[in-house]
Amino acid sequence: MGIEKAPALLKQFMLDYPNVHFDFEQNNSKHLLQLLVEEKLDLAFVSKVDGFTNIHFEPLTTEKLVLVVPNHHPLASYDKIRLEESLSYDYVYYNHSSGLRPYLDQTFDNLGLNPTIKLELENDLSILGFVAQNFGIAIMPDIPSIDSFPVKKINILNPLSKRIIYLALRQKDYISPLTQKFQQYSLTFFP
């Protein structure tokens with residue numbers, strides 16, 4: 001979201017509302033949701049995280065996931081792969097602070113697969129850096145930053161459940177008119 005989708009949304013919104021000022025916080029979903037609960041944020045773009053019962057999650061957009069391997073890895077000759085074919089290699093994986101972790105755990109569980117996790121990290125760029133240094137392979141969102149690292153992006157053939165990004169707001173709370181406008185704008189901006 002922070003690399004491509006949010007900037008495109010904000011650019012368009014600020015064309016219509018040029019006098020609006022935004023103050024952004026980038027972090028993992030759990031941290032952003034805690035800031036939302038503490039009323040330090042008005043809204044957040046996040047993965048859905050259990051345990052935040054006072055937060056309303058509105059589906060916003062989806063992300064495609066890909067397998068990422070070092071350029072000189074044995075799997076780098078593939079353009080498409082079934083995850084079963086990747087299990088003999090170590091994984092660089094999202095840690096428990098990441099909103100993507102429960103999704104990945106559930107995906108592997110649904111497929112009856114058990115990856116070997118060598119290293120756990122919190123964010124996309126760190127994962128790409130460690131994959132590039134041959135610490136393992138990773139499943140991650142198909143983000144533009146992948147092309148900046150010496151890694152190969154491989155499409156996943158297994159049917160995966162949708163990876164949804166949500167717009168999160170506090171339930172039963174006052175929402176300013178401007179925040180309401182941005183909420184509606186966001187919901188109509190993404191296909």
Side-chain angles (χ1 to χ4, degrees), residues 1-9 24 26-33 44-51 57 59-168 189-191:
M1 282 297 291
I3 296 170
E4 189 175 45
K5 294 180 179 184
L9 166 65
F24 279 94
Q26 277 191 294
N27 213 307
N28 65 61
S29 294
K30 195 177 284 187
H31 181 79
L32 293 175
L33 288 166
F45 300 125
V46 295
S47 299
K48 195 170 193 177
V49 177
D50 291 334
F57 293 92
L60 190 62
T61 188
T62 59
E63 286 184 318
K64 176 186 174 186
L65 294 180
V66 293
L67 183 70
V68 179
V69 304
N71 275 340
H72 301 294
H73 192 274
L75 295 178
S77 62
Y78 292 88
D79 291 323
K80 298 182 258 186
I81 196 167
R82 296 190 63 74
L83 291 179
E84 294 85 346
E85 299 172 76
S86 72
L87 292 181
S88 59
Y89 302 100
D90 290 335
Y91 267 82
V92 177
Y93 212 73
Y94 288 88
N95 69 20
H96 289 283
S97 295
S98 170
L100 197 52
R101 175 63 179 256
Y103 173 87
L104 289 175
D105 289 346
Q106 188 64 54
T107 296
F108 278 111
D109 191 49
N110 289 346
L111 296 170
L113 303 176
N114 190 19
T116 302
I117 300 170
K118 183 173 188 174
L119 186 65
E120 297 182 29
L121 299 160
E122 191 168 336
N123 69 56
D124 301 324
L125 297 180
S126 295
I127 286 176
L128 283 167
F130 278 89
V131 169
Q133 292 299 315
N134 208 27
F135 277 83
I137 62 177
I139 295 175
M140 62 184 308
D142 187 2
I143 58 174
S145 300
I146 292 172
D147 296 333
S148 301
F149 288 81
V151 298
K152 167 82 182 278
K153 175 171 59 174
I154 303 170
N155 290 313
I156 299 170
L157 291 171
N158 302 76
L160 303 178
S161 59
K162 282 186 180 179
R163 161 76 174 139
I164 302 171
I165 302 296
Y166 294 87
L167 176 65
F189 184 80
F190 296 104

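With rounding to the nearest 0.5 angstrom, the CG atom of Leu83 is 4.0 Å from the CG atom of Asn158. Once rounded to the nearest 0.5 Å, the distance linking CD1 of Ile154 with NE2 of His73 reads 8.5 Å. Between Leu111 atom CG and Leu87 atom CG the span is 9.5 Å, to the nearest 0.5 Å. The CZ atom of Phe130 sits 12.5 Å away from atom CD of Glu120, with the distance rounded to the nearest 0.5 Å. Taking CG of Leu75 as the reference point, atom CD1 of Ile81 lies at 4.5 Å (rounded to 0.5 Å). Rounding to the nearest 0.5 angstrom, the gap separating the CG atom in Asn123 from the OG atom in Ser97 is 11.0 Å.
Heavy atoms only, all atoms of each residue included: Pro141 and Leu100 are closest at CD-CD2, 3.6 Å. Considering all non-hydrogen atoms of both residues, Ser29 and Val49 come closest at CB-CG2, 3.9 Å. What you find for Tyr94 and Arg101 is that their closest heavy atoms are O-NH1, 2.8 Å. A pairwise comparison of heavy atoms in Ala76 and Pro70 identifies CB-O, 3.7 Å as the closest pair. The shortest heavy-atom contact between Val46 and Ala168 is CG2-CB, 3.8 Å.
In this structure, the side chains of Ser145 and Leu128 come closer than 4.5 Å at one or more pairs of heavy atoms. Looking at heavy atoms from C-beta onward, Ser86 lies out of side-chain contact with Leu113 at the 4.5 angstrom threshold. Side-chain contact check for Lys152 versus Tyr78: every heavy-atom pair is 4.5 Å or farther apart.
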Stepwise side-chain contact (heavy atoms from CB on, under 4.5 Å) test for Ile165 and Glu63: CA-CA 7 Å; Ile165 302 296; Glu63 286 184 318; 3.6 Å; yes

Check against side-chain contact (heavy atoms from CB on, under 4.5 Å), Asn134 and His72: CA-CA 9 Å; Asn134 208 27; His72 301 294; over 6 Å; no

Test side-chain contact (heavy atoms from CB on, under 4.5 Å) applied to Arg163 and Ser47, step by step: CA-CA 8 Å; Arg163 161 76 174 139; Ser47 299; 2.7 Å; yes

side-chain contact (heavy atoms from CB on, under 4.5 Å) evaluation trace for Lys64 with Asn155: CA-CA 9 Å; Lys64 176 186 174 186; Asn155 290 313; 2.6 Å; yes

Trace of the side chain to side chain donor-acceptor pair (under 3.5 Å) decision for Tyr93 with Asp105: CA-CA 10 Å; Tyr93 212 73; Asp105 289 346; 2.9 Å; yes

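Put simply, the side chain of Lys153 never gets that close to the backbone of Asp147: no donor and acceptor are under 3.5 Å apart. A distance-only check finds a donor-acceptor pair linking the side chain of Tyr103 to the backbone of Ser161 [under 3.5 Å].
Residue-environment remark: CD (Gln133) stays at or below the threshold of 12 foreign heavy atoms within 6.0 Å.
Using the six-membered ring where Trp is involved, Tyr166 and Phe57 have ring planes that are perpendicular, over 60° apart on the 30 and 60° scheme.
The side chain to side chain contact (heavy atoms under 4.5 Å, CB included) test with Tyr91 is passed by exactly one of Ile127, Ile139, Thr116: Ile139. A side chain to side chain contact (heavy atoms under 4.5 Å, CB included) with Val151 is found for exactly one of Val131, Val69, Leu67, namely Val131.
With sequence neighbours excluded, no residue forms a ring pair (Phe, Tyr, Trp, His ring centres under 6.0 Å) with Phe149.
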